[in-house]
Amino acid sequence: MPSTRDLTKNLSRALYDELRARIADGTYAAGAPLPSTRALAAERGLSRGTVSLVYEQLAADGFIQTRAGAASRVAAGAAPALTARARRGRGHRAATGGHTGRLSGIARRIAGLGVGDAGPPAPGEIDFVYGPLAGSDFPTLAWLKALRAVERQRSPRLEYEDPRGNPELRRALQAHLSQTRGLACSVEQLMIVNGSQQALDLCARLLVDPGDGVVVENPGYRMAHHAFEAYGGQLRCVDVDEHGLQTGQLAALGAAQLAYVTPTHQFPLGSFLPIARRRALLDWAAEHGAWIIEDDYDGEYRYTVRPEATLLSLDRRDCVIHVGTFSKTLSPQLRLGYMVLPPSLVDTFSAAKRVADRHAATGVQRALARLLEDGSYGRHVRRMRRQQQARQRALVDALTSCFGRRVEIQGAGSGLHLVAWFHGVPAGSEAALVSAAREHGVRVHPIGPLFHPAARARHRQGPAGLVMGYALLEAAAIREGVRRLADCLPGAELGG
C-alpha cells in the first residue's frame, strides 16, 4: 500500500502534467488566469499545500507567473506551437478514430447530408446573406427593460416549467397571433420551441418513419428538407411557380405522411399561395390522412402583399401544424419560435419536448411576454417593416440601375430577401459568379443548391439566380455591393 507521501507526490505530478498539457494545447492561453490554489484544491479534493507546490514548480519551469495577492497567470510564450509531427499525429487520430462503435441510422443519414456553414465574411466584404439581422436593429432598451423587470420578479421556486413554454408568453402570443395573423387557437395548442428548426425536428422525429413520403417545395428550404431526410423521410418534390406550390402535381404523388410548405412567402422564390391552392392542399391532406406543416417564417414583412387566411385558419380537420419564429423580427440568437399544434398532437409533442430539452429558457420567454403585452414588440415590428422595406427598395433600385433588363427580380413583395435572375449568365455558371464576386469583395448566394439534387439538371438550363438578403445591410452598403457585383458580371469566364 503506497504511503501518504507517495500518494501526495503522485497527485502533485498528475496535476502538474495536466496543467502543463492544458497550457501547451492552448486551453489556458498566454496571460490567462489560473484558478486560485484554494479553489482548485476544493475542486480536486487536494490540500491547498499540494496545489501550491504544483504552482511553484510550474513557475520555476517558466510556464506561469505568480505574484503575491494576484492570480497566477500563464506566461507569455509558454505554449509552444505544435510541431509538424504532432499535427500529423492529431490529424491521423481524427481521421482514423480510436473507437469503431456503430452510429445510428439517423447519425449516418445526417453525416451524409453535407450540412455545413459558409463561415463569416472577410473584413470589408459585403454579404447579401439571408438570415442574419443587423445588430443595430435589435430593440436593446426595451429588451433590457423587460429583462430587468422579470428578474425583479424571480420566483421563489426555481423549477422546470411546462415543456410547452412559459404560460405568460403563450397567453400573450395567443392574443398576438389572433390580432396580427387572424389565428384562433387555445393556449394549450401553443408550444414555445428553440427556433423554428427545433419545431421541424420535432415534426420529423414524431411524424416521419423511414420510407415515409414527405412533400416539399422545389426549390425550397433545404434545412427543413434535411430534417425530414435525417429521420428517413423520402422527399417528393413539387414544382413552384409564380403562385407557389403547384398543387395540380399532388395527385400524381399519391399518399404521403406530410407536406412542408411556406405558403405566405415561398422560400426562396417569394410567391404567395392563393386561396384556391390552399384549399386544394388541404383537400389532398384530408384525402390521404397527411399532416401539413405551415412555415410562416417571415410573415411580418408584407410590403405589397395583403395578408390572407393562413392554412391553419382554413383547416377544418386539424391537420395543420403552424410554425413561426422570432428570429426574423428580434434575433436568431434568442432561439425563440413557436408551434400551433392540432389538439391530437399536444400531449405527444409535449412529452417529446420534455425528453429533448425540458423547455426553452424561461427568462427570455418572460421578457418576450412583456414586450408583447405592453405593445413594445408591435411597435418594434412596425419600425422594422419600414426599415426592411427601405432596404428592399434600395436593393431593387440598385439592381435595376446596374443591370437594367439583364436582371429579373422575383419575390420582392414581402420578406427579407429576393431572387435576382441574370439573363445571359447560365445557371451552370453560378459557382463561377459567386467566386468572381468574392474577388470583388462581395458575397452572394446561388439559388442552385436550394433545388433538390434530382431537379438541378433542369435548373441548369435556365439563367443564374442569386438569393439576395438585405436585412443585414444599410442602403449605402447595398448599393456598393451591387456595384461590385456588376463589375464582375461582364467577365467572359461567366459565359458558360
[X]: what forms a side-chain contact (heavy atoms from CB on, under 4.5 Å) with it, not counting sequence neighbours?
| X | result |
| --- | --- |
| S313 | L183, A309, T310 |
| Q333 | S331 |
| L269 | P219, V240, Q266, Q410, V419, W421, I447 |
| D212 | V208, D209, Q257 |

Does anything in residues 33-43 form a side-chain hydrogen bond (donor to acceptor under 3.5 Å, both in side chains)? List the pairs, not counting sequence neighbours. T37-R48
Checking [X] now: which residues fulfil salt bridge (charged side-chain N to carboxylate O under 4.0 Å, His left out) with it, not counting sequence neighbours?
| X | value |
| --- | --- |
| R484 | E480 |
| D137 | R391 |
| R171 | none |

What residues, two or more places apart in sequence or in another chain, satisfy side-chain hydrogen bond (donor to acceptor under 3.5 Å, both in side chains) together with [X]?
| X | value |
| --- | --- |
| E188 | none |
| R277 | D241 |
| E373 | none |
| D162 | R164, R170 |

